[in-house]
Amino acid sequence: MTQLSTSDGGADRAEHRWAMVSVAILVLLVGIATFAALYHGAMPQSRVETTDPRTLHLGGEFIESNLGSAIEPDGTVTVRFIGQQYSFTPACIVVPTDTPVRFRATSADVVHGFLIDGTNINLMLVPGYVSSLGARFDTPGERLMPCQEFCSVGHEGMWGRVKIVDKAAFARMAAERRRLSCVE
Ligand code: CUA
C-alpha cells in the first residue's frame with residue numbers, strides 16, 4: 001500500500017516535470033515567433049527589392065520596353081512583367097524549355113497574384129515591391145496564368161497565357177528581338 005502510493009507520487013512528479021518541459025518548449029517557440037515577427041517587421045531583409053508603382057511606366061526596370069522575356073549573358077532567361085487592374089503586361093509570356101527562368105514582376109496598383117496553371121509557380125504581386133521567382137520548364141506547351149488574388153470587380157477576367165517553346169526556337173526568336181512576348 002505504502003509502496004503503491006510512493007510510486008503514484010513519483011509518476012505524478014514525472015508527469016508534472018514533463019508538463020513543465022512542454023510548457024517551456026511552447027513558451028520558447030512563441031518567443032521565437034514573436035521575436036522573428038518584430039525583428040523582420042522592424043528591419044526589412046536586405047534582399048527585399050522595392051519599386052515605385054507610380055513611376056513604373058516612366059523609367060527603370062519595369063518600363064514597357066523592358067517587359068517580356070530576355071536571354072541574359074549567362075544563358076538564363078529573365079521574364080519581366082507587371083500586373084494591373086485587370087491584365088498582365090505582357091498578357092502572353094514566352095519561355096524556353098530546359099533553361100533557368102527568373103520571373104521578376106510587380107504591380108502598378110493593387111495586390112494581384114500570378115499563378116501558372118499546372119505548376120507550383122505562384123507569386124503575389126504587391127505594389128512597391130519586386131517579386132522574384134526562379135523556375136524551369138521541361139516540356140513545351142501552353143498554360144494559363146490567372147490572377148489568383150482578388151483585386152476588385154474585374155478580377156475574374158484577369159488572365160494571361162504562358163507559351164513554353166523549345167529552347168532552340170526561343171533562341172532564334174531572341175536573336176531578332178531584345179524582348180520577347182507572345183502577344184499578337
Ligand atoms: Cu488581379 Cu485578381
Side-chain angles (χ1 to χ4, degrees), residues 33 36-37 40-72 76-167 169-170 173-174 177-184:
H40 291 306
M43 307 185 208
Q45 290 149 302
S46 56
R47 65 174 182 273
V48 169
E49 295 176 81
T50 57
T51 61
D52 186 345
R54 291 162 303 179
T55 56
L56 284 182
H57 59 296
L58 297 178
E61 178 175 357
F62 293 98
I63 194 167
E64 193 162 3
S65 60
N66 204 34
L67 300 178
S69 313
I71 299 184
E72 301 294 339
T76 64
V77 166
T78 304
V79 182
R80 290 188 181 83
F81 64 95
I82 59 175
Q84 65 261 303
Q85 288 169 323
Y86 296 100
S87 63
F88 294 103
T89 306
C92 184
I93 284 173
V94 58
V95 292
T97 55
D98 300 319
T99 308
V101 173
R102 176 143 302 267
F103 292 98
R104 288 180 60 81
T106 189
S107 165
D109 40 43
V110 300
V111 174
H112 297 280
F114 168 77
L115 175 153
I116 302 182
D117 190 38
T119 71
N120 63 356
I121 296 166
N122 192 332
L123 277 175
M124 269 175 88
L125 310 183
V126 182
Y129 294 89
V130 178
S131 302
S132 176
L133 182 75
R136 201 182 174 93
F137 299 86
D138 295 330
T139 45
E142 195 164 326
R143 295 185 180 278
L144 290 172
M145 45 175 235
C147 172
Q148 98 294 17
E149 292 285 342
F150 181 74
C151 52
S152 192
V153 290
H155 165 71
E156 295 291 322
M158 188 168 169
W159 290 82
R161 285 179 302 138
V162 178
K163 256 186 194 160
I164 306 151
V165 301
D166 179 70
K167 191 177 179 175
F170 186 90
M173 291 160 72
R177 290 180 63 187
R178 199 177 70 91
R179 292 287 180 271
L180 295 176
S181 79
C182 40
V183 176
E184 277 121 34

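Numbering of ligands and ligand atoms starts at 1, following listing order. These numbers come from the heavy atoms of this one structure, side chains and all, not from hydrogens, waters or symmetry mates.
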### Task
Indicate the ring-plane relationship of F114 and F81, choosing parallel, tilted or perpendicular according to the 30° and 60° boundaries.
tilted
### Task
Just grab all the disulfide (SG to SG under 2.5 Å) pairs involving residues 110-147, residues at least two apart or on different chains.
none
### Query
What's the shortest heavy-atom distance between Q148 and L123, and which atoms?
NE2-O, 3.7 Å
### Query
Looking at E61, E72, R102, R179, which hits side-chain hydrogen bond (donor to acceptor under 3.5 Å, both in side chains) with T78?
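The side-chain hydrogen bond (donor to acceptor under 3.5 Å, both in side chains) with T78 is passed solely by E72 among E61, E72, R102, R179.
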#### Entry: Atoms of protein origin (N, O or S) under 2.8 Å from atom 1 (Cu) of ligand 1
H112 ND1, C147 SG, C151 SG, M158 SD
#### Entry: Shortest non-hydrogen contact between S107 and L125, atoms and distance
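That would be CB-O, 3.7 Å.
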### Message
Would you say Q84 and T89 are linked by a side-chain donor-acceptor pair, where the criterion is simply a distance under 3.5 Å?
### Response
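Their side chains do contain a donor-acceptor pair, which is all the 3.5 Å distance test asks for.
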